[in-house]
Structure formats: structure tokens, C-alpha cells
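Shown next, in C-alpha cells, is the structure this report addresses.
Just follow the structure's listing: the first ligand is 1, and inside any ligand the first atom is 1. Since this is a predicted model, take the numbers as computed values, not measurements.
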Amino acid sequence: MSKKRIFSGVQPSGDVHIGNYLGAIKNWVDLQDEFESIFCIVDLHAITVSQDPEELRRKTLEVAKVYLAAGIDPKKSTIYVQSQVSEHAELAWILNTITGMSELEKMTQFKDKSQKDGLESARVGLFDYPVLMAADILLYDTEVVPVGEDQMQHIELARTLARRFNKRFGDTFVVPKGHLKKETMRVMGLDDPAKKMSKSATSEMNYISLLDSPEIVEKKIKRAVTDSGSDITYSDDRPAIQNLINIYSSFSGKSPEEIVAEYEGKGFGEFKKGLTETVLEFIIPFQEKYSSLKDEEVIELLLENAKKVSSIAKNKMDEVKNKVGFLQ
Ligand code: TYM
């Protein structure tokens, strides 16, 4: 029996942080044996807010290297760049014609992002972003989409659009399912446990980038906000320490209970020291692998893979165009 397919992606904008890693990329690494895996670097999504062209090119390569250094095995999984497969934009256009304005107006990510700079300056691309994401997923008959919680509303839209298209034009798309890792589906900011860790955060103290130096990692953890009281406990009413314990737990493989027991009677200082060591145990070898990757080789791999997935995407688009009624 052939393996089920998973598809997911990261935008090449801002710094890839431990929230992206624990919420998404780490799960991809774990799932790549069980599933046929396609991981995309979604540069068409990145330009829905203004990007410097050279920086975008540099970030695109950076994200590809992050995937590889984090343990995505190019022999098992296919990583490629979204803009190198034109069918994504093509399918997004067709899906636009079956998507309601009001469905997109409800998207919390659009509301958040457009509120930041004011609705007046929000672009149509930002509004339409979830439809492009649906196209990414549906092009490849994806069954499972491993993401962080903030993407679930977009996946729900992809499910709705797949069903709607199938109903109107006949069975064409697989209806995908989202896949979350409960403990890390929403890693919170180190500077504010009420907000999620985010690439576009105003303060760098919000997140730990996978490419931060060990000194910076140490500094950021030292400055991370904690709750009142001085003991290490795990509960919803102590969200800052709960978030740090979740991070500790995901990197170390220890359960929150084990961590609480380990730090019983010890203060935040000692806990943060342990957390720093645990995070660095991942980050240092990760960065060594990252630096050993050669740009030209990665660029070549991405191009080859784009060709490979193009044939899947093209077949699907031929089917879609035929069903919609385009002359072929
Ligand atoms: P992006 O680039 O914002 O984030 C990449 C992945 O990281 C997850 N994530 C988090 N998980 C836990 N805690 C956090 N604080 C946190 N911040 C981010 C995100 O949920 C995501 O899984 N629209 C998507 C990219 C995309 C995509 C797709 C994903 C485009 N097409 C098709 C899946 C399938 C995005 O902007 O992710």
C-alpha cells in the first residue's frame, strides 16, 4: 500500500525560531518515515507583506538549510520552493472563484496582520493568503498537514474549498486533515506568555532563533519573563513557567512532571540554566550541520525537487482545468 502524503511549509521571512521548530519542523522530521513528505518554502506567501528582494532570496535558502539541518532527510522527503512551481498560483486563482469574501474576512491571521499596519495599507495578497495555502495543500492530494495551531483555521478553509469544488465539479481533491502536537502547537513568547512566539514580533526577546549564538540563547532565556512566586510548578495559572517547561520538555524528551520534580526546591535561576543547556544541546549540533551545507548544492537540490513535484502539480491542474471547462 502506498504511503499517505503530508505537506507543510514555512515562510522565508523573519527568523525561523524554536516555535516553528517545535510546533512544525520537529514533527515533520518524526513523520517523514511514515508518510510521503513534501515540505515547501513558501516565498509566494512571504511577499504578501513587503520584502527586500535580496533578503528574500537569502531567507529562502536559509529556510531550506534549516529544514535539512533540523533533520529533514532529502532522500525521504522532498523540499522545494513554492514560486518554482507555477501551479500553486494557478490553482489559487481558480479556488478564488469559489471562495467567499466573508470567509476570508473571518481569518484571524488576516485580522491581526492587517490591524498591525492598518486595514488601509493591507494588500489583496494578504487577504487572499489562505486561498493560496489551500492551493498548496490540495495540489498534491495531501492527506495530513502538520502545523502549529495558528494555521488550523486556514486548513479548515482548505477542507471547505476541497469539498465545495468536489461537489460542484466532481471528485477532484482529497479533503486534508490538520495535525497538531498538543504540547507545542502554540509556543508562547518569552517576553509575554499571553502572545505566541512570532517571527514578526517587535522585540527579539520574544523568540529564540535557531541561528542565535549560544550567548544570545543564554541571554534570552535569562531575560524570559516568569510568574510570581519562586517555585517551579506546572499549571495554567502560571503561563510563563508553563511555557518554559513545555519548551524544556520538548527539547529534552522529559515529561513536565519529571522536570518539576527535578527542580523541586530550586529557583528560576537554576531552572533557566538547565533549560539553556537543553536548548543548546539541540542548537549547537544543528548550527554545525547548517554551516556545513553548501549553498550551490542546496540550490541544485531545490531545483531538481521543483521539477519532481511539478509533474504531480501539473497532472492535478490538467484535471482541474478540464473539470472547470477550459479548452485543452
Ligand atoms: P509560518 O511560516 O508562519 O510558520 C511555520 C510553521 O510554524 C508554526 N508556528 C508555530 N508553532 C507553534 N508555536 C508558535 N509560536 C508558532 N509560530 C509558528 C506554524 O503554525 C507553521 O506550521 N501559512 C503558513 C505556511 C504555509 C503552509 C502552507 C503550511 C503556506 N502554505 C501549506 C502548511 C501547508 C505560515 O505562514 O507558516
Side-chain angles (χ1 to χ4, degrees), residues 5-29 31 37-49 51 56 59-60 62-63 66-67 70 72 79-83 85 88-89 91-92 95 107-110 112-113 125-126 128-159 161-162 176-201 206-210 239 243 246-247 250 309 313:
R5 186 174 287 147
I6 56 174
F7 181 100
S8 200
V10 173
Q11 289 192 60
S13 57
D15 294 332
V16 183
H17 52 64
I18 60 168
N20 302 125
Y21 173 68
L22 297 175
I25 302 169
K26 185 171 186 284
N27 303 337
W28 307 352
V29 175
L31 294 167
S37 310
I38 305 180
F39 302 120
C40 189
I41 299 137
V42 290
D43 53 352
L44 296 176
H45 278 101
I47 61 163
T48 57
V49 296
Q51 302 291 342
L56 178 64
K59 284 278 169 195
T60 301
E62 186 177 297
V63 174
V66 163
Y67 287 1
I72 300 297
I79 67 167
Y80 76 101
V81 178
Q82 188 185 30
S83 63
V85 180
H88 289 253
L91 180 57
L95 295 178
M107 294 290 152
T108 41
Q109 198 166 71
F110 172 72
D112 288 352
K113 285 197 183 176
L126 186 65
D128 200 28
Y129 170 130
V131 179
L132 178 61
M133 183 164 158
D136 299 343
I137 297 168
L138 301 183
L139 259 186
Y140 299 98
D141 288 337
T142 305
E143 298 196 53
V144 180
V145 191
V147 285
E149 195 203 15
D150 60 342
Q151 298 302 319
M152 285 309 271
Q153 197 184 21
H154 297 156
I155 294 173
E156 211 37 66
L157 179 75
R159 290 167 58 79
L161 295 181
K177 284 195 187 75
H179 178 282
L180 293 173
K181 189 117 185 167
K182 198 171 154 281
E183 311 75 49
T184 47
M185 64 185 190
R186 198 170 160 79
V187 177
M188 307 311 279
L190 298 184
D191 57 345
D192 180 358
K195 292 206 184 98
K196 75 170 173 119
M197 187 173 282
S198 164
K199 287 192 205 123
S200 53
N206 169 272
Y207 60 82
I208 294 175
S209 160
L210 294 179
N243 185 43
N246 282 338
I247 295 171
S250 308
V309 295

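Considering Ser8, Gly9, Gly14, Gly148 only, the shortest heavy-atom separation from atom 22 (O) of ligand 1 involves Gly148. Selection from Tyr140, Tyr129, Tyr207 by nearest heavy atom to atom 35 (C) of ligand 1 gives Tyr129. In this comparison of Ala46, Ser13, Gly19, the heavy atom closest to atom 11 (N) of ligand 1 sits on Gly19.
Polar contact check, Ile137 against ligand 1: no nitrogen or oxygen pair lies under 3.5 Å apart. The distance criterion of under 3.5 Å between nitrogen or oxygen atoms is met by Asn20 with respect to ligand 1. Among the atoms of Gln151, some N or O lies under 3.5 angstrom from an N or O of ligand 1.
Going from atom CG of Leu132 over to atom CG of Leu44 covers 5.5 Å, rounded to the nearest 0.5 Å.
The closest side-chain donor-acceptor pair between Asp43 and Ser83 falls under 3.5 angstrom.
Regarding atom 28 (C) of ligand 1, its nearest protein heavy-atom neighbour is Met133 CG, 3.4 Å. In terms of protein heavy atoms, atom 2 (O) of ligand 1 is closest to Lys199 NZ, 2.6 Å. Ranking protein heavy atoms by distance to atom 19 (C) of ligand 1, first place goes to Asp150 OD1, 3.3 Å. The shortest contact between atom 13 (N) of ligand 1 and any protein heavy atom is with Val187 N, 2.8 Å. The protein heavy-atom contact nearest to atom 31 (N) of ligand 1 is Asp136 OD2, 2.6 Å.
Of the possible donor and acceptor atoms, one in the side chain of Asn20 sits under 3.5 Å from a partner among the backbone N and O of His17.
Residue-ligand proximity, Val145 to ligand 1, at heavy-atom distances under 4.0 Å covers atoms 33 (C), 34 (C). The ligand atoms of ligand 1 that sit less than 4.0 angstrom from a heavy atom of Ala24 are 6 (C), 7 (O), 22 (O). Within the listing of ligand 1, atoms 14 (C), 15 (N), 17 (N) sit less than 4.0 angstrom from a heavy atom of Met197. Close approach of ligand 1 to Met185 is summarised as follows: ligand atoms under 4.0 Å from at least one heavy atom of the residue are 11 (N), 12 (C), 13 (N). Distances below 4.0 Å separate heavy atoms of Val10 from the following atoms of ligand 1: 2 (O), 5 (C). Ligand-side atoms of ligand 1 in range of Thr184: 12 (C), range being under 4.0 angstrom from any heavy atom. Annotation for ligand 1: atoms under 4.0 Å from non-hydrogen atoms of Gly23 are 11 (N), 12 (C).
The side-chain heavy atoms of Ile247 and Leu190, taken from C-beta on, include a pair separated by under 4.5 Å. Counting only heavy atoms from C-beta outward, the side chains of Tyr67 and Val10 approach each other to under 4.5 Å.
In this pair, Phe7 and His88 present their aromatic rings tilted. The plane angle is within the 30 to 60° band.
Remark: Lys113 NZ is packed, more than 12 non-hydrogen atoms of other residues, nucleotides or ligands lying under 6.0 Å away. Within a 6.0 Å sphere centred on NZ of Lys199, heavy atoms belonging to other residues, nucleotides or ligands number more than 12.
Between Asp15 and Lys59 there is a salt bridge, since at least one side-chain N of the basic residue sits less than 4.0 Å from a carboxylate O of the acidic one.
Heavy atoms of His17 found under 4.0 angstrom from ligand 1 belong exclusively to the side chain.
For the side-chain hydrogen bond (donor to acceptor under 3.5 Å, both in side chains) test, no residue two or more places apart in sequence or in another chain qualifies with Asp112.
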